[in-house]
Participant: 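There's a structure below that I have some questions on.
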Amino acid sequence: MHWADVVALNLSKKGTKHIVSTGITPSGEFHIGHLREILTGEMISRAAKNAGLEVDFIFIVDDADPLRRVYPFLDEEYSKFIGHQIGNIPAPDDNGKPDYARFNEDGWNYADHFLNPFLNALKKIGVRPRIVKNLESYQSGMFSECSKIACDNADKIREIIERVSGRELADSWFPWSPLDSNGSLEGVTVTGYEFPLVHFIDSNGNTGTSDITKGEGKLPWRIDWPAKWAWIGVTCEAFGKDHGASGGSYDTGKEICQLFGYDAPQPLVYEWISLKGKGAMSSSSGNTIGPMEALDLVPPEILRFLIAESKPSKAIEFDAGMSLVNLADEFERSCARDLTAEMNDESLSRRRKVQLEDLFVAIKLSSIEENSKSNSSNVSFRHLALLAQTKSDDQMVWNSLGMNADNPPSSILIDRLSKMRTWINSVHFPDEMRIKMINEVPTEMLQEFNHEQKSVLENLTRMLNECPWDTDSIGSCIVDAAKSIELSPRIAYGVSYICLMGNHKGPRLAPILVELNKSDIVGQLNRCLEFVN
RNA sequence: GGGCCUGUAGCUCAGUCAGGUAGAGCAUCCGGCUUUUAACCGGACGGUCGCGGGUUCGAACCCCGUCGGGCCCGCCA
């Protein structure tokens with residue numbers, strides 16, 4: 001059974017109405033790793049709906065969290081905002097400096113700046129969660145009841161956190177972080193509490209009060225999380241393995257939740273996505289790839305498939321090079337198969353059947369529109385990559401695929417080609433997929449040349465030199481170089497690939513050569529010819 | 001210190017939760033096609049399932065141990 005269906009099955013045992021929650025702090029650029037958080041939750045929601053459950057899928061934006069430090073993409077000017085809530089400070093402009101103008105005019109804040117492009121990407125991926133913004137929720141009093149319970153039970157919560165996480169909390173620790181008069185959550189020490197006011201002294205020695213029913217501060221993360229479960233009514237949440245560790249925030253949250261009179265949601269811990277060969281994904285390293293960037297390279301189904309086909313416990317290694325090519329091709333191949341028919345084969349082993357079922361569900365979950373079948377273009381990415389590299393004109397690509405005015409390419413395919421061109425022009429496109437002509441003489445291969453190959457090379461060099469430089473003529477030249485001395489054209493192609501690409505095989509040659517400089521090609525062949533003679 | 005994940009064909013992995021004679025894709029090789037889409041079609045090669053014990057009629061799968069790899073537990077999703 002597919003992992004999403006397993007979770008759905010568990011949920012169905014607990015009731016028919018469910019709220020599946022996900023949450024992210026928009027403290028910087030989003031990357032593919034964040035997509036796992038959202039898509040894992042979204043796929044559980046879909047599976048639960050298919051199981052006949054009533055499901056609300058929400059995305060909690062933790063914009064009440066403070067800015068932790070001046071990230072590499074930020075100007076040093078942001079140091080004065082450290083400790084301030086990211087939904088309350090200006091967004092960085094192109095130079096990483098705070099954009100006060102936009103902030104003052106239309107409230108464009110730091111959190112929105114990073115969140116909005118991600119939401120746009122989600123739309124393209126077919127994810128439409130109900131957005132819950134943490135900052136607003138605090139300000140509108142949604143957290144009031146839980147905050148009161150937390151403050152009233154400060155000792156119990158302290159006991160839970162210290163016992164479960166094994167960490168010792170400072171004497172001054174209190175389950176509420178007040179905002180000081182400057183709007184910072186850092187360096188503030190709580191000195192007293194009587195509902196609804198928390199008294200504090202800030203880092204400058206100024207005293208003040210914070211009303212916990214008005215969002216003049218926030219609950220610390222380990223309490224904030226279970227408080228959200230309680231007031232929203234979350235019944236299922238997928239979260240990263242950091243929270244899932246023993247003594248982590250899920251463990252403490254589970255107990256703290258009880259104080260709010262609520263049972264913790266069904267958990268699902270997922271593994272991280274890392275960049276292949278480059279370690280963990282991080283927005284500060286230039287190598288990271290964001291959802292928006294990936295969407296420029298491949299159709300959105302592919303990104304969904306990445307998450308759907310891997311069990312959440314599986315660490316995913318990803319890059320926008322060969323990993324993506326293989327992933328995309330696997331998706332294409334799988335779509336083209338008639339899995340329903342394959343599953344009906346009675347002779348299959350149980351395991352094989354389960355495997356097919358999981359793949360079937362994974363593909364279904366990869367479709368952008370719920371419950372629609374994913375469309376396959378029946379053209380592999382490798383193939384399309386070749387065509388896109390050898391033909392600068394789209395129409396020539398369609399012709400090559402046997403498409404014309406009567407049999408036009410689908411909009412899916414047109415989009416796919418356009419993305420392929422973007423990919424090819426990007427740094428992500430893998431070298432091994434790139435068509436490359438060689439300049440050096442492939443001496444080792446040429447040493448193996450027999451008499452026939454030498455003769456063909458001689459013919460080829462001479463004929464190409466006299467050849468009009470268009471696709472048909474070049475094609476004829478290559479063939480004639482062999483045929484004129486009663487040899488198979490195959491030999492001529494083999495010779496061409498070795499001399500021009502340093503390989504025994506290759507893609508259709510004439511359309512590539514026509515794009516290149518004739519004298520360069522003939523020159524290369526001449527150097528090879530000199531060597532064999 | 002606590003915990004999680006992981007080790008299966010050259011590569012990437014599925015299969016482990018419900019034990020029943022080892023699976024897929026890629027790569028490689030062979031064949032077909034031959035003015036050739038590194039395309040496509042057909043086939044082959046390829047694994048003592050990290051290691052050692054145990055349970056069982058039967059273990060990649062369950063239990064115990066062990067070795068290797070990755071990661072999380074600093075109020076940071």
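By convention in this document, chain letters (A, B, ...) are assigned in the order of the sequence lines, proteins followed by strands, and residues within each chain are numbered from 1.
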Participant: In whole angstrom, give me the gap between the C1' atoms of rC26(B) and rA9(B).
Facilitator: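 Going atom to atom, C1' in each nucleotide, I get 12 Å.
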Participant: On a whole-Å scale, what distance lies between the P atoms belonging to rG23(B) and rU66(B)?
Facilitator: 33 Å
Participant: Under the rule for side-chain contact (heavy atoms from CB on, under 4.5 Å), what residues qualify as partners of Arg163(A), not counting sequence neighbours?
Facilitator: Glu159(A), Ile160(A), Glu255(A)
Participant: Could you measure between the two C1' atoms, the one in rC5(B) and the one in rG10(B), and give it in whole Å?
Facilitator: 25 Å
Participant: Please state how far atom CG in Leu384(A) lies from atom C1' in rC40(B), giving the value in whole angstrom units.
Facilitator: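 In whole Å, rC40(B) C1' and Leu384(A) CG are 16 Å from each other.
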Participant: For nucleotides 1-8 of chain B, just jot down a letter per nucleotide in 5' to 3' order: B, S or -, based on protein non-hydrogen atoms under 4.0 Å.
Facilitator: -BS-S---
Participant: Given the C1' atoms of rC49(B) and rA22(B), what is the spacing between them in whole Å?
Facilitator: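 After rounding to an integer number of Å, I get 8 Å for this pair.
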Participant: Can you pull the salt bridge (charged side-chain N to carboxylate O under 4.0 Å, His left out) pairs that have at least one residue in residues 303-312 of chain A, sequence neighbours excluded?
Facilitator: Glu42(A)-Arg304(A)
Participant: What distance, rounded to whole Å, do you find between the two P atoms, one in rA39(B) and one in rG52(B)?
Facilitator: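 Straight-line distance between the two P atoms is 41 Å.
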Participant: Could you tell me which residues satisfy side-chain contact (heavy atoms from CB on, under 4.5 Å) with Ala111(A), sequence neighbours excluded, listed by chain and number?
Facilitator: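 So Ala111(A) forms a side-chain contact (heavy atoms from CB on, under 4.5 Å) with Pro26(A), Asp63(A), Ile86(A), Asn109(A).
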Participant: Got a minute to check which stems RNA chain B is part of, using Watson-Crick or G-U wobble pairs under 3.5 Å, three or more consecutive?
Facilitator: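 Only these stems qualify: B:1-7 with B:67-73, B:10-13 with B:23-26, B:28-32 with B:40-44, B:50-54 with B:62-66.
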Participant: Just jot down the side-chain contact (heavy atoms from CB on, under 4.5 Å) partners of Ala227(A), sequence neighbours excluded, or say none.
Facilitator: Phe143(A), Cys146(A), Leu219(A), Phe260(A)
